[in-house]
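No experiment lies behind these values; they were computed from the predicted model shown. The analysis underlying the following values was restricted to heavy atoms, covering all of them including side chains, and did not include hydrogens, waters or symmetry mates.
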Amino acid sequence: MTAIEHYHDWLRDAHAMEKQAESMLSKMSGRLEHYPALEQRLAQHLDETKHQLTLLEQLLDSHGIDHSVMKDAMGKMAATGQAVGGMFNSDEVVKGAISGYVFENAEIASYTSLIAAAEQVGDAQGVRILNEIRDQEVAMAEWLLQHLPEVTQQFLQRASQPGTEAKK
C-alpha cells in the first residue's frame with residue numbers, strides 16, 4: 001500500500017471509531033441519573049462527536065473515499081456490547097468513566113498518527129480538521145482524568161447508603 005492508501009484507510013478507521021464513540025456516549029449519557037456533571041460533559045462530548053463525524057465525512061468526501069459500512073457497523077456493535085455489559089456491573093458509572101478515559105486516549109493516539117500521515121501526504125485540510133478533533137479528544141480525556149476521583153467518591157458515598165442506587 002502507498003502512503004495515501006494507508007492514510008485513506010486510517011481515515012475510514014477514524015470514522016468507524018467516531019461512530020463507536022457516538023454510540024457509547026449516547027448509551028452511557030442516557031443512563032446516568034445521579035451524576036449530573038458527568039452526564040452534562042458526556043452530552044457535550046456527544047455533540048462534539050457528531051460534529052467530528054460531519055468533519056470526517058467531509059474529509060472522506062473530499063478525497064473520494066467511501067466510509068466503511070462494515071467498520072461502522074462493527075464499531076456500533078462493540079459499543080452496544082460495552083454498554084449492555086456495563087448495565088450488569090454494580091459499579092457501572094466508575095467503570096464507564098474509566099473506559100471513557102481509555103477510549104479517549106486511544107482516539108488521541110489515532111488522531112496523532114493521522115495528523116502525521118496527513119502532513120506526509122500533503123493534506124493541509126486534513127491536518128487542520130484532525131488537529132481540531134484531537135484537541136476535543138484531549139479536552140475530554142483531561143476532563144475525565146480530573147473528575148474521575150469525584151465520580152468515584154460520589155459512587156462510594158451512594159453505594160454505602162442502604163437502598164440508594166449508585167451504579168448510574
Side-chain angles (χ1 to χ4, degrees), residues 10-61 67-69 71-112 114-115 126 128-161 163-168:
W10 296 338
L11 285 172
R12 280 187 214 90
D13 290 345
H15 186 268
M17 179 176 62
E18 292 303 340
K19 291 296 261 184
Q20 180 179 3
E22 178 185 35
S23 184
M24 287 186 324
L25 288 165
S26 176
K27 286 173 177 52
M28 186 169 182
S29 67
R31 290 187 44 75
L32 291 176
E33 297 173 15
H34 307 294
Y35 303 88
L38 179 59
E39 181 181 21
Q40 180 181 7
R41 186 59 178 99
L42 291 176
Q44 176 187 343
H45 195 54
L46 177 58
D47 289 341
E48 291 170 346
T49 299
K50 289 176 181 180
H51 180 67
Q52 292 168 3
L53 277 165
T54 300
L55 292 174
L56 285 169
E57 287 165 3
Q58 290 170 358
L59 192 53
L60 289 167
D61 290 345
H67 62 86
S68 171
V69 174
K71 285 182 181 181
D72 286 353
M74 295 304 287
K76 281 185 172 183
M77 286 182 1
T80 299
Q82 285 178 317
V84 170
M87 289 177 181
F88 300 109
N89 293 327
S90 63
D91 56 353
E92 172 184 2
V93 68
V94 174
K95 287 186 177 157
I98 291 168
S99 294
Y101 178 72
V102 170
F103 191 83
E104 292 303 322
N105 279 280
E107 287 181 307
I108 292 164
S110 177
Y111 285 113
T112 299
L114 263 170
I115 290 163
R128 181 187 55 75
I129 288 172
L130 298 167
N131 268 303
E132 178 183 336
I133 294 171
R134 184 181 61 181
D135 289 348
Q136 291 173 345
E137 304 302 357
V138 167
M140 185 64 194
E142 288 174 352
W143 190 95
L144 285 167
L145 182 61
Q146 181 182 2
H147 289 85
L148 191 54
E150 175 187 327
V151 169
T152 303
Q153 291 165 351
Q154 286 176 345
F155 168 80
L156 291 171
Q157 288 171 353
R158 292 187 66 77
S160 69
Q161 298 172 11
T164 302
E165 182 181 56
K167 74 181 216 166
K168 58 182 184 168

Exercise for review: Begin from the C-alpha positions of Glu132 and Tyr111 and carry the test side chain to side chain contact (heavy atoms under 4.5 Å, CB included) through to its verdict.
Suggested key: CA-CA 10 Å; Glu132 178 183 336; Tyr111 285 113; over 6 Å; no

Practice item. Give a yes or no on whether Glu57 atom CD has more than 12 heavy-atom contacts from other residues, nucleotides or ligands under 6.0 Å away. Key: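 Yes, enclosed.
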
**Study point:** Steps toward side chain to side chain contact (heavy atoms under 4.5 Å, CB included) verdict (Arg134, Glu107)
**Key:** CA-CA 8 Å; Arg134 184 181 61 181; Glu107 287 181 307; over 6 Å; no

Taking the side chain as every heavy atom from C-beta outward, state whether [X] and [Y] have any atom pair closer than 4.5 Å.
| X | Y | answer |
| --- | --- | --- |
| Thr112 | Ile108 | yes |
| Leu38 | Met28 | yes |
| Phe103 | Met17 | yes |
| Glu18 | Ile133 | yes |
| Glu150 | His147 | yes |
| Asp13 | Ser110 | no |
| Met140 | Arg41 | yes |
| His15 | Lys19 | yes |

For [X] versus [Y], what's the shortest heavy-atom pair and its separation?
| X | Y | result |
| --- | --- | --- |
| Tyr101 | Leu145 | CE1-CB, 3.6 Å |
| Tyr35 | Phe155 | OH-CA, 3.3 Å |
| Ser29 | Leu42 | CB-CB, 3.8 Å |
| Ala97 | Leu148 | CB-CD1, 3.6 Å |
| Leu144 | Gly100 | CD1-C, 3.6 Å |

To the nearest 0.5 Å, tell me how far [X] [atom1] sits from [Y] [atom2].
| X | Y | atom1 | atom2 | value |
| --- | --- | --- | --- | --- |
| Thr49 | Leu25 | OG1 | CG | 5.0 Å |
| Ile129 | Leu59 | CD1 | CG | 4.5 Å |
| Leu32 | Gln40 | CG | CD | 12.0 Å |
| Glu22 | Asp47 | CD | CG | 10.0 Å |

Review point. Gln136 and side-chain hydrogen bond (donor to acceptor under 3.5 Å, both in side chains): which partner among Glu48, Gln52, Gln44?
Key: Gln52

Point to revise | CA sep, side-chain torsions, deciding dist, call: Ile98, Val94, side chain to side chain contact (heavy atoms under 4.5 Å, CB included) | key: CA-CA 6 Å; Ile98 291 168; Val94 174; 4.0 Å; yes

Review point. In terms of side-chain heavy atoms, does Lys27 have a donor or acceptor partner in Ser23 at a distance below 3.5 Å?
Key: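 Side chains of Lys27 and Ser23: pair found under 3.5 Å.
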
Check your understanding: Charged N to carboxylate O below 4.0 Å: is that the case for Glu92 and Arg31?
Key ->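 Looking at Arg31 together with Glu92, the answer is yes, because their closest N to O distance falls below 4.0 Å.
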
